[in-house]
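Following: one structure in structure tokens, then a few remarks.
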Protein chains: 2
Amino acid sequence: MPKKISATESITAGAPVRERLLDTADRLFYREGVRAVGIDRVLAEAGAAKASLYAHFGSKDDLVAAHVERRAAAARGQIEAWQLKVPPAERALRFFDWVVEWTRTEGYRGCPLQHIVAEVCDPQHPARTIVAAQRAWMQGKFLEWSKAARVADPRAVAGALYVLFDGAVVASEHDGVRRAREARWAAERLLAG
Amino acid sequence: MPKKISATESITAGAPVRERLLDTADRLFYREGVRAVGIDRVLAEAGAAKASLYAHFGSKDDLVAAHVERRAAAARGQIEAWQLKVPPAERALRFFDWVVEWTRTEGYRGCPLQHIVAEVCDPQHPARTIVAAQRAWMQGKFLEWSKAARVADPRAVAGALYVLFDGAVVASEHDGVRRAREARWAAERLLAG
DNA sequence: TCCGAAATAGACAGACCTGTCTGTTTTGAT
DNA sequence: ATCAAAACAGACAGGTCTGTCTATTTCGGA
């Protein structure tokens with residue numbers, strides 16, 4: 001008799017258990033928050049045993065960190081790939097097209113990295129160090145793009161663009177895509193002047 | 001023998017119990033998050049009995065909502081008062097001075113209203129409706145100030161300023177006041193052009 | 001076919017959570 | 001001084017949480 005496959009675990013059923021756990025945790029943690037989702041929910045929806053989770057990840061905190069690292073790495077990968085299709089001088093502005101697309105995606109609920117900082121107040125938490133690293137990486141990108149855009153003050157513009165980006169991400173969570181578009185409009189004016 | 005006063009409850013000890021509870025909840029919820037703080041913590045630090053909490057607030061969710069409403073009302077009050085000291089045409093820009101001051105305050109940890117949306121995924125939660133109302137109010141303010149600043153496109157500028165505001169608030173939580181200052185710099189350029 | 005590694009199932013401990021309920025003490029107004 | 005409302009103290013129920021542990025099953029390679 002074939003192994004039973006429940007509706008909730010159908011997406012990654014059959015995959016190695018570590019992948020199944022991370023896929024499920026990633027989805028639930030983003031959708032409902034890392035504190036609201038317990039281990040048992042993840043195990044049930046992943047169709048995995050508790051011992052497997054602790055063998056692969058060690059603790060819930062480390063599972064949360066793995067989820068954050070996966071999201072961060074995915075974002076870096078997408079941004080790097082997207083970059084290649086855009087001339088360097090246009091990247092600072094057209095990055096906001098990428099943001100608009102992101103905030104338009106089904107089930108968009110804001111930035112998981114921002115959420116972690118809201119949910120986990122301990123700055124020593126493994127997930128928080130990943131967030132800090134990602135922010136440093138993003139800061140570097142904004143500076144690189146601002147320089148390539150040949151603006152008068154690349155450092156100031158890079159900082160302003162980062163604020164616009166953070167704002168677009170969180171404001172779109174509340175008010176919808178219009179905020180991401182407004183951020184793009186603002187970015188255009190900052191880069192033009 | 002005088003009533004014992006513990007160190008943690010010293011700030012509002014002696015005040016009516018409802019006020020004591022709300023003060024304590026407000027402080028703990030903001031500092032550690034509404035899910036991380038249980039009512040037993042609130043009761044212990046407020047020096048109150050459980051029955052008092054449920055008599056005055058009905059449930060933890062309603063206590064959370066009261067905390068959010070208090071923060072929202074305090075922000076409205078501060079902004080209305082600050083407004084009076086600034087000529088209408090300068091309000092859009094100089095609002096960001098207010099933001100800089102806020103993000104400089106001791107123990108600043110971002111916007112409690114943004115945190116609520118990250119922590120509570122149910123849009124029907126009483127606290128979420130308060131957040132939505134506050135955002136509508138802020139949107140009105142930005143539009144009013146943008147019109148008074150006599151910019152070419154007040155609606156677009158108002159939207160951009162709101163994104164900058166959200167961004168300043170969340171980015172300063174991660175990276176410190178510099179982000180709020182960068183937001184002010186960007187606002188100045190948006191309002192000048 | 002057999003063996004070992006990996007995964008599963010699930011009981012269990014110990015802590016914490018919200019909310020209810022009972023009984024006692026305090027307090028303030030008459 | 002008396003009485004009623006309010007607050008306190010704390011047990012209790014019923015649930016959830018993370019993490020550990022034991023025992024069983026699955027499965028691929030030699």
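Just so you know, these numbers use all the heavy atoms, side chains as well, and skip hydrogens, waters and symmetry mates. Order of the sequence lines fixes the chain letters, A, B, ..., with proteins taken first and strands second; residue numbering starts at 1 for each chain.
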Looking across every strand, which nucleic acid part, if any, lies under 4.0 Å from B:Ala55 by heavy atom: base, sugar-phosphate, or nothing? nothing
Would you list the protein and nucleotides 28-30 of chain C atom pairs, both N or O, that sit under 3.5 Å from each other?
none

Criterion ring pair (Phe, Tyr, Trp, His ring centres under 6.0 Å) against B:Trp145, the qualifying member of B:Phe165, B:Tyr162, B:Phe96, B:Trp82: B:Trp82
B:His56 side-chain N/O to D:dA6 phosphate OP1/OP2 under 4.0 Å: no
Select from A:Arg41 and B:Ala49 the residue whose nearest nucleotide in DNA chain D is closer to the 5' end of that strand. B:Ala49
Would you name the heavy atoms of B:Gly159 and A:Arg179 that are closest together and state the gap between them? CA-NH1, 3.8 Å
Among pairs that include at least one residue of residues 155-168 of chain A, which meet salt bridge (charged side-chain N to carboxylate O under 4.0 Å, His left out), considering only residues two or more places apart or in two chains? A:Arg135-A:Asp166
So, OP1 or OP2 of C:dA7: does either fall under 4.0 Å of a side-chain N or O from A:Ser52? no
Kindly say if A:Arg20 contacts the phosphate of C:dA6, meaning a side-chain N or O under 4.0 Å from OP1 or OP2. no
Selection residues 113-134 of chain B - residue pairs positive for salt bridge (charged side-chain N to carboxylate O under 4.0 Å, His left out), sequence neighbours left out: none
Output one line per pair: protein atom, nucleotide atom from nucleotides 19-21 of chain C, and distance, for all N/O pairs under 3.5 Å.
unit_1: C:dG19; atom_1: OP2; unit_2: B:Tyr54; atom_2: OH; d: 3.0
unit_1: C:dG19; atom_1: OP2; unit_2: B:Lys60; atom_2: N; d: 2.9
unit_1: C:dG19; atom_1: N7; unit_2: B:Lys50; atom_2: NZ; d: 3.2
unit_1: C:dG19; atom_1: O6; unit_2: B:Lys50; atom_2: NZ; d: 2.6

Could you work out, with side chain to side chain donor-acceptor pair (under 3.5 Å) as the rule, every residue matching B:Trp185, not counting sequence neighbours? none
With sequence neighbours left out, what residues match B:Asp23 under side chain to side chain donor-acceptor pair (under 3.5 Å)? B:Arg70
